[in-house]
*Asks:* 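Mind looking over this structure? Questions follow.
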Amino acid sequence: MSPDLSRRWSHALLAARGSGADGPDPLPYAENLLARWAEPQRRYHTVAHLTAVLDHVDALAAHAADPDLVRLAAWFHDAVYLPDRSENEERSARLAERALPEAGLSPEAAGEVARLVRLTLTHDPGESDANGAVLCDADLAILASGPEAYTAYTAAVREEYGFVPDDAFRAGRAAVLHGLLALPRLFHTPYGRREWEEPARRNLTAELARLTQDPELRP
């Protein structure tokens, strides 16, 4: 177990509980979550992804209404992840709804974390959703990465879907990219819009062009 990640979990959980609030030892919850993030079916949605999202949340924390709840949502947002299932976000949100009240959070705080986890299905927060903007931007920041990191990301995603034939994967991935590019904007914080929007759209457009070289897959 990563001592740094365990410390970060404990800090966020204790802060979200509030001063004077009681609750169990945070560390067993960190152990459970980190074991989930280390499951063998994962290639992209790993502890490295969790760490990157937490780092981005920290960088964007000034834009959040409650950054500690956003940090907890980052921990839970892919805690349940099976590449062949479509309800991962919902199951992850339900895990948060079960675990966080037991860990000492108020029902309202646990509900906000679960709401944020569900939001990662669409990555489309409302205009006034500061917490949602930070989590969604942190989760999608990989899309704006440099060529080497973006290539590693797409390769890891392909590995997670290794059970899918090439033609079906290319068609499905192309549909995902079309959906992202159709969003009015990919990023919702001022920093994300300024620093990540254009490089992310370039990366997505270039990947889509590679995927659709086959005439049968062209939009």
Side-chain angles (χ1 to χ4, degrees), residues 44-45 49-50 52-67 69-71 73-74 76-81 83 85-93 96 112-147 149-158 160-161 164 168-213 217-219:
Y44 171 65
H45 295 88
H49 172 60
L50 168 62
V53 174
L54 288 169
D55 288 346
H56 290 308
V57 170
D58 286 350
L60 298 172
H63 299 293
D66 195 326
L69 294 184
V70 180
R71 292 181 179 104
F76 278 97
H77 84 286
D78 283 318
V80 178
Y81 184 76
R85 303 288 287 273
S86 61
E87 68 275 15
N88 292 314
E89 291 84 2
E90 179 60 29
R91 294 176 67 201
S92 296
E112 172 65 356
V113 172
R115 183 191 72 81
L116 292 170
V117 172
R118 290 186 173 99
L119 189 58
T120 61
L121 178 62
T122 61
H123 294 100
D124 192 16
E127 288 291 335
S128 61
D129 186 358
N131 287 340
V134 169
L135 180 63
C136 290
D137 280 16
D139 193 27
L140 293 186
I142 183 65
L143 301 181
S145 57
Y150 192 83
T151 297
Y153 152 69
T154 57
V157 170
R158 181 65 184 105
E160 283 189 340
Y161 288 89
V164 179
F169 175 81
R170 291 171 64 194
R173 179 66 178 173
V176 169
L177 299 178
H178 276 298
L180 288 169
L181 287 167
L183 291 172
R185 59 190 186 197
L186 294 166
F187 297 99
H188 300 270
T189 63
Y191 182 91
R193 292 197 299 270
R194 184 178 68 248
E195 300 294 333
W196 294 337
E197 186 76 25
E198 289 188 12
R201 288 190 178 275
R202 285 198 301 269
N203 283 336
L204 293 172
T205 301
E207 183 187 359
L208 184 60
R210 291 191 297 271
L211 287 170
T212 56
Q213 286 175 355
L217 293 178
R218 283 198 186 114

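Numbering of residues begins at 1 and proceeds along the displayed sequence.
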*Asks:* Looking at R210 and Y150, what are the two nearest heavy atoms and their distance?
*Replies:* NH2-CE2, 4.3 Å

*Asks:* If I compare all heavy atoms of G132 with all of D129, which pair ends up nearest, and what's the gap?
*Replies:* N-OD1, 2.8 Å

*Asks:* Looking at every heavy atom in both C136 and P125, which two are closest together, and how far apart are they?
*Replies:* SG-CD, 4.0 Å

*Asks:* Which one of T120, V80, L119 satisfies the side chain to side chain contact (heavy atoms under 4.5 Å, CB included) criterion with E89?
*Replies:* T120

*Asks:* With sequence neighbours excluded, what pairs up with H56 under the ring pair (Phe, Tyr, Trp, His ring centres under 6.0 Å) test?
*Replies:* W196

*Asks:* Is any side-chain heavy atom of Y191 less than 4.5 Å from a side-chain heavy atom of D137?
*Replies:* no

*Asks:* So, taking the atom named CG in L204 and the one named OG1 in T154, what distance separates them when rounded to the nearest 0.5 Å?
*Replies:* 11.0 Å

*Asks:* Using side-chain heavy atoms (C-beta onward) and a distance below 4.5 Å, is D139 in contact with H123?
*Replies:* yes

*Asks:* Evaluate the side-chain proximity of Y161 to R173: yes if any heavy-atom separation is below 4.5 Å, no if none is.
*Replies:* no

*Asks:* Would you give the length of the straight line joining atom CZ of R170 to atom CG of L208, rounded to the nearest 0.5 angstrom?
*Replies:* 11.0 Å

*Asks:* Looking at E160 and R85, is there a salt bridge between them, counting it only when a charged N and a carboxylate O are closer than 4.0 Å?
*Replies:* no

*Asks:* For A73 versus L135, what's the shortest heavy-atom pair and its separation?
*Replies:* CB-CD2, 3.8 Å

*Asks:* Using the salt bridge (Lys or Arg N to Asp or Glu O under 4.0 Å) criterion, which residues pair with R118? Sequence neighbours excluded.
*Replies:* E90, E97

*Asks:* What are the two closest heavy atoms between P67 and A61, and how far apart are they?
*Replies:* CB-CB, 3.9 Å

*Asks:* Enter the distance from D66:CG to E112:CD here, rounded to the nearest 0.5 Å.
*Replies:* 7.5 Å

*Asks:* Does D58 pair with R71 as a salt bridge, N-O distance under 4.0 Å?
*Replies:* yes

*Asks:* What's the spacing between L140 CG and H188 NE2 if we round to 0.5 Å?
*Replies:* 8.0 Å

*Asks:* Looking only at non-hydrogen atoms, find the nearest pair between S92 and A79 and report the distance.
*Replies:* OG-N, 3.5 Å

*Asks:* Rounded to the nearest 0.5 Å, what separation is found between the NE2 atom of H77 and the CG atom of L50?
*Replies:* 7.5 Å

*Asks:* How long is the span from the CG atom in N88 to the NE2 atom in H45, to the nearest 0.5 Å?
*Replies:* 8.5 Å

*Asks:* Quick check: do L180 and L183 have side-chain heavy atoms less than 4.5 Å from each other?
*Replies:* yes

*Asks:* For N203 and L143, what are the C-alpha separation, side-chain angles and deciding distance, and is it a side-chain contact (heavy atoms from CB on, under 4.5 Å)?
*Replies:* CA-CA 7 Å; N203 283 336; L143 301 181; 5.8 Å; no

*Asks:* Quickly, which of E195, R202, R194 forms a side chain to side chain contact (heavy atoms under 4.5 Å, CB included) with E198? Name it, please.
*Replies:* R202

